[in-house]
Amino acid sequence: MKLKIGTLNCQNNTENRQNRNNHAILLGEHILKQKYDILGTQELTMRFTRKVDEYLREYHFYGDYQYGRGIIGTCFPFVKTFNQGNQIITHLPVETTRTRTMPWIPHSFKDFLRALRKPSLERRIVTRIELETEKERIYVFNTHLDYYIPSVQKRQLNYLLKKIKKYRNYGSIIVMGDFNLEVTDTLFSDFIKELEKLDIVRVPVMDKTNADRYSEKTAIDHLFIPKNWRILNSGTIDMEELSNITDHKAVFVEVEIN
């Protein structure tokens with residue numbers, strides 16, 4: 001069995017939220033053109049998700065949003081405009097799905113003030129789906145980490161690792177997302193090593209994946225797959241047609257499961 005897996009930060013901006021210049025169709029055409037079997041997205045807002053979903057008849061979207069669909073949106077209607085999720089898009093049959101809140105509030109007063117000033121203080125979530133394929137059961141985790149406070153990033157990585165270890169007992173694991181960390185960051189390199197102990201490896205893509213203004217950065221968007229899956233192709237997609245939609249590049253891997 002072969003799969004094409006990807007991750008893409010779709011950027012929560014005014015143009016996308018208002019679907020200017022048919023951005024939803026452009027994103028949908030990209031997904032169809034690339035023929036993803038599984039695509040993890042970050043920063044898709046509720047309204048933009050609905051527009052893209054209308055175009056992708058063969059795909060389904062899984063995952064809740066940062067601030068859910070309930071009381072927060074009712075009490076603070078403006079939140080609905082910016083409310084974003086880590087949607088997983090796939091045409092494969094999904095058995096179960098769950099969105100969980102990761103640690104996101106700094107424990108120290110100093111870090112709390114730093115997060116407010118940046119600002120980086122926002123609820124962070126991880127979406128999980130369970131796939132039952134012809135070969136094996138697969139659990140996919142898609143997330144988007146804090147971008148500024150290392151103590152919060154560390155707690156989020158520890159939370160992810162705990163969940164991954166739990167589901168590793170029941171099937172194969174895919175991990176994807178915008179981690180806002182490079183492989184040279186100690187926090188992330190330690191996370192990579194812990195996953196390797198579970199026979200889960202990072203797809204070796206080092207190309208720059210985020211905005212050009214961060215010229216010194218390498219990849220901050222990452223994919224992890226089981227060690228025993230054979231990589232047929234991998235890399236980034238330089239998407240000129242999506243240049244007004246996102247300042248990230250999609251990361252992809254094509255694998256064969258024996």
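Computed from heavy atoms alone, side chains included, the values below leave out hydrogens, waters and symmetry copies.
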Subject >> 4.5 Å side-chain heavy-atom contact, Leu131 and Ile38 >> reply: yes
**OP:** List the steps and the verdict of side chain to side chain contact (heavy atoms under 4.5 Å, CB included) for Ile220 and His248.
**Re:** CA-CA 10 Å; Ile220 64 169; His248 283 242; 3.9 Å; yes
Subject >> 4.5 Å side-chain heavy-atom contact, Arg128 and Thr96 >> reply: yes
**OP:** Show your working on side chain to side chain contact (heavy atoms under 4.5 Å, CB included) between Trp104 and Arg155 and close with a plain yes or no.
**Re:** CA-CA 8 Å; Trp104 62 283; Arg155 288 165 53 215; over 6 Å; no
Original post:
Is any side-chain heavy atom of Phe188 closer than 4.5 Å to a side-chain heavy atom of His222?
Top reply: yes
Original post:
With a 4.5 Å heavy-atom cut-off, do Met1 and Trp229 have their side chains touching?
Top reply: no
Subject >> Ion pair check, Glu254 and Lys2, cut-off under 4.0 Å >> reply: no
Subject >> Glu194/Lys197 salt bridge by N-O under 4.0 Å criterion >> reply: yes
**OP:** Could you walk me through whether Val94 and His60 pass side chain to side chain contact (heavy atoms under 4.5 Å, CB included), step by step?
**Re:** CA-CA 9 Å; Val94 171; His60 296 282; over 6 Å; no
**OP:** Kindly determine whether Tyr55 and Ile31 satisfy side chain to side chain contact (heavy atoms under 4.5 Å, CB included), including the steps that lead there.
**Re:** CA-CA 10 Å; Tyr55 186 76; Ile31 293 170; over 6 Å; no
Original post:
side chain to side chain donor-acceptor pair (under 3.5 Å) with Glu43: which of Thr246, Asn12, Asn9, Asn86?
Top reply: Asn9
Original post:
Are any non-hydrogen side-chain atoms of Asn180 and His144 less than 4.5 angstrom apart?
Top reply: yes
Original post:
Does NZ or CZ of Arg114 lie under 6.0 Å from the centre of the six-membered ring of Tyr148, at an angle within 45° of the ring axis?
Top reply: yes
Original post:
Side chains of Asp37 and Ile5: does their closest heavy-atom pair fall under 4.5 Å?
Top reply: no
Subject >> Min side-chain heavy-atom separation Phe224-Ile173 under 4.5 Å >> reply: no
Original post:
Can you find a heavy atom in the side chain of Tyr59 that is under 4.5 Å from one in the side chain of Leu32?
Top reply: yes
**OP:** May I ask you to check whether Gln42 and Asn142 show a side-chain donor-acceptor distance below 3.5 Å?
**Re:** yes
